[in-house]
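Please read the structure below before turning to the comments.
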Amino acid sequence: MSRSRSVPAPRVGFVSLGCPKALVDSEQILTQLRAEGYAIAPSYDGADLVVVNTCGFIDAAVAESLDAIGEALTENGKVIVTGCLGARDGGGFVREAHPKVLAVTGPHATAEVLASVHAHLPKPHDPFVDLVPPQGIKLTPRHYAYLKISEGCNHRCTFCIIPSMRGDLVSRPIGEVLAEAERLLRAGVRELLVISQDTSAYGVDVRYRTGFWQGRPVKTRMQDLATALDALGREHGAWVRLHYVYPYPHVDDAIALMRADGAGGGLLPYLDVPFQHASPRILKLMKRPAAPEKVLERVQAWRRERPTLTIRSTFIVGFPGETDAEFDELLAFLDAAQLDRVGCFAYSPVDGAAANALPAPVPDAVKEERRARFMARQAAISARKLLQKVGTTVDVLVDDVVEAGSGKARRVEAHARSAADAPEIDGLVTIRDAAGLAPGEFARVRISGADAHDLTGTPLR
Ligand code: SF4
């Protein structure tokens with residue numbers, strides 16, 4: 001039977017902005033569009049309509065999203081907006097800036113986006129469902145994928161408007177999450193990155209309801225999820241990395257499951273824990289979950305249990321009312337906790353965040369100065385820790401292979417990541433003399449050099 005179409009498929013352009021959670025939404029929309037027989041256009045002028053998935057987290061992201069919508073309207077004219085910015089004022093915020101958009105939805109709204117696409121660009125009549133690969137459409141490289149386990153958040157951190165945009169926590173059924181994980185691994189994914197707003201709260205909303213996986217009952221909660229993903233990771237020789245975990249007592253159980261170094265796959269000795277600050281008063285003003293006074297103890301206990309554990313975190317400096325003494329408290333925490341990977345933001349007031357009403361905003365120059373001091377302090381810690389890796393052997397996952405230099409100096413290098421490095425946010429391991437390696441392959445590397453963030457090494461063959 002011929003599979004050629006008499007009429008070309010309608011073409012949808014797609015712009016995906018924002019965090020990994022938004023990326024997963026984009027993948028779901030794209031997968032559905034392809035399943036219905038739409039084609040995805042690589043440029044505005046080749047598209048019959050454009051979907052823009054927006055971010056509304058900080059002012060810079062809002063500006064980027066509004067610019068992207070404006071550009072899509074100028075270049076194409078038919079634009080549907082989705083994502084976090086679309087939720088603001090029930091879509092009113094976007095419509096006020098760009099009244100010509102065809103439709104606006106909030107995040108996690110695949111069905112609504114598809115309904116709007118159908119209204120403005122009718123569905124093709126002969127979709128070939130088998131045009132969609134079994135793992136769906138991925139926007140990440142083939143060898144790693146984000147696995148979203150829940151949507152929304154039950155906390156009310158005063159600097160954050162995510163709960164007002166995405167709503168309270170809604171956990172995905174555990175059987176569905178594990179089926180997706182298995183599909184991805186079977187399709188060749190070598191690393192799963194578990195994401196949510198609060199991974200440790202998984203299942204709270206459904207009272208840890210019992211689901212089913214491979215014919216066995218399994219509870220919708222972090223410990224059961226980590227156990228099942230660890231088993232799947234080992235079965236397929238793939239890594240599993242946990243993001244956005246809060247230091248609650250039950251996280252200790254996940255630490256016990258972690259492999260020492262990632263060799264052979266399974267749950268990595270890696271935790272992404274957004275601490276945000278260390279001063280009890282500032283944490284209270286931020287309304288952060290988890291008791292600050294216990295955090296250092298917990299970090300130290302985790303390290304005793306799993307000495308190879310990498311802890312990644314993010315912090316905000318210059319939060320309203322932050323004094324010099326409270327900032328010094330934060331620096332002292334950095335010295336004591338010796339975290340491996342750290343990101344730092346100068347506080348930026350987000351429209352609609354409760355923290356904007358707090359007294360004593362910190363002047364921009366002071367915020368910047370604190371951020372620079374914080375990063376310099378952490379860079380020294382990181383450099384010291386990475387130097388200790390020189391001379392050791394680590395397992396890495398290759399992300400890409402490039403040719404560097406020219407003529408006789410021409411060489412093949414690979415960029416890879418160890419168990420300590422999540423994609424996009426952490427460091428890299430540059431592999432010299434990488435001929436024969438390919439993206440998505442694991443390799444064993446002897447580390448020969450280090451700087452404040454990255455490592456270099458040569459493959460052991
Ligand atoms: S935990 Fe706090 S910062 Fe994170 S999404 Fe929830 S409210 Fe926002």
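Given the structure is predicted, the values throughout are model-derived calculations rather than measurements. In each ligand, atom 1 is the first atom listed, and ligand 1 is the first ligand listed.
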Exercise. Nearest protein heavy atom to atom 4 (Fe) of ligand 1, by residue and atom, and its distance?
Worked result: Tyr246 OH, 3.6 Å

For this session: Let me see the working for Tyr270 and His243 under side chain to side chain contact (heavy atoms under 4.5 Å, CB included), right down to the final yes or no.
Result: CA-CA 9 Å; Tyr270 179 101; His243 287 281; 4.1 Å; yes

Exercise. Between His415 and Asp400, do the side chains contain an N or O donor and an N or O acceptor separated by less than 3.5 Å?
Worked result: yes

Exercise. In terms of atom number and element, which parts of ligand 1 are under 4.0 angstrom from non-hydrogen atoms of Gln197?
Worked result: 5 (S)

Exercise. Within less than 4.0 angstrom of ligand 1, does Arg288 place any heavy atom?
Worked result: yes

For this session: Before accepting this row, confirm whether a basic side-chain N of the pair Lys367/Glu322 lies closer than 4.0 Å to the acidic partner's carboxylate O.
Result: no

Exercise. So does Arg95 pair up with Asp89, basic N to acidic O under 4.0 Å?
Worked result: no

Exercise. Near Tyr44 OH, under 6.0 Å, is it more than 12 heavy atoms from other residues, nucleotides or ligands?
Worked result: yes

For this session: Report, in ascending order of atom number, the atoms of ligand 1 lying under 4.0 Å from any heavy atom of Pro163.
Result: 7 (S)

Exercise. Is it true that some N/O/S atom of Cys157, main chain or side chain, lies under 2.8 Å from atom 2 (Fe) of ligand 1?
Worked result: yes

For this session: Please say whether more than 12 non-hydrogen atoms of neighbouring residues, nucleotides or ligands are located less than 6.0 Å from NE2 in His120.
Result: yes

Problem set entry | Flag if over 12 foreign heavy atoms under 6.0 Å of CZ, Arg209 | no

For this session: Report the nearest protein non-hydrogen atom to atom 6 (Fe) of ligand 1: residue, atom name, distance rounded to 0.1 Å.
Result: Cys153 SG, 2.2 Å

Seminar exercise, completed: Nearest non-hydrogen protein atom to atom 8 (Fe) of ligand 1, with distance, is Cys160 SG, 2.4 Å

For this session: Mark the output for Tyr244 as yes if a heavy-atom distance to ligand 1 is under 4.0 Å, and as no if none is.
Result: no

Exercise. Applying a 4.0 Å heavy-atom criterion (strictly less than), which segment of Pro274 is in contact with ligand 1: side chain, backbone, both, or neither?
Worked result: neither

